[in-house]
Amino acid sequence: PPSQINNKNAHNPRVAWTWALPVSPNETTPLSHDGVLFIKSANQVEALNAASGTLLWKYTRRLPDDLHNGRNAVVKGLALYGGKLFAPTADGHIVALDVKTGKVIWDHAVLSPYELKHHLKLDGAPLAVKGKVMMGASDCTTYKGGCFIVALDAKTGKEAWRFHTIARPGQPGGNSWNGAPVD
């Protein structure tokens, strides 16, 4: 445990194990929980024994050919909640995986084909709080609809709400554009 690390025993650290990730930008931050290290890279999520580096399970997502199996996908993190691991995917989905087995519990498309065509991405880390999994879309500069944040029910994957980061007409602040379209 960290409380046992001190200047007398931390003078000679060495590599305990290594793990090769698939080809991708690999900007993710691994998530550690109950002795398991979860890593998202390209089109897969892996669960490793944190002490030994042994693979416990692997989830691989089949992606459309134009996404090159996620090699260009940047995903920065994962979330854990209620025995589920939540992972954004290169094709605009969030999947809930059983934390012990890696089996898919639910799969929800957050981005439409139109939004994907306009390069919207789910490249941040989801946030799981009080039964909801929240995720924001990014890279909305060429998309006329603007960015948004979505919340999914952690148990079912059903969309609970969607909040547009640019107020729409009829919403608070939505009439401040002096008649200019928000799209």
### Message
Let me check something: do Val133 and Ile149 share a hydrophobic cluster, defined by ILVMFWY side-chain heavy atoms less than 4.5 Å apart, either directly or through other members?
### Response
no
### Message
For Asp139, is there an ion pair with Lys121 - N to carboxylate O distance below 4.0 angstrom?
### Response
yes
### Message
Tell me if a side-chain donor or acceptor on Asn6 pairs with a main-chain N or O of Asn9 at a distance below 3.5 Å.
### Response
yes
### Query
Shared ILVMFWY cluster between Ile94 and Leu78, side chains joined below 4.5 angstrom?
no
### Test item: Glu159 and Val150 side chains (from C-beta on) under 4.5 Å apart, heavy atoms
yes
#### Entry: Nearest non-hydrogen partners of Pro88 and Lys40, listed with the distance
O-CE, 3.0 Å
### Query
Which residues satisfy the side-chain contact (heavy atoms from CB on, under 4.5 Å) test with Leu80, sequence neighbours excluded?
Leu31, His33, Phe38, Leu85, Val99
### Task
Return the set of residues passing side-chain contact (heavy atoms from CB on, under 4.5 Å) with Tyr59 (not counting sequence neighbours), or none when no residue passes.
Val45, Trp57, Arg61, Val95, Leu97, Val104
### Query
Tell me, do Met134 and Pro126 make a side-chain contact under 4.5 Å, heavy atoms counted?
no
### Message
Counting neighbours of NZ on Lys76 that are heavy atoms of other residues, nucleotides or ligands and sit closer than 6.0 Å, is the number greater than 12?
### Response
yes
### Message
Just so I know, are the side chains of Lys130 and Lys132 near enough to count as touching, which here means a heavy-atom distance under 4.5 Å?
### Response
no
### Message
Test side chain to side chain contact (heavy atoms under 4.5 Å, CB included) on Leu152 and Lys158; report intermediate values, then the result.
### Response
CA-CA 5 Å; Leu152 308 176; Lys158 182 180 177 195; over 6 Å; no
### Message
Is it the case that the side chain of Tyr81 and the backbone of Gly131 share a donor-acceptor pair, with hydrogens and angles ignored and the cut-off at 3.5 Å?
### Response
yes
#### Entry: Trp161-Phe148 aromatic ring centre distance below 6.0 Å
no
### Hydrophobic cluster of Leu37, others only, ordered by chain and residue number, side-chain cut-off 4.5 Å
Trp17, Trp19, Leu21, Ile39, Leu48, Leu55
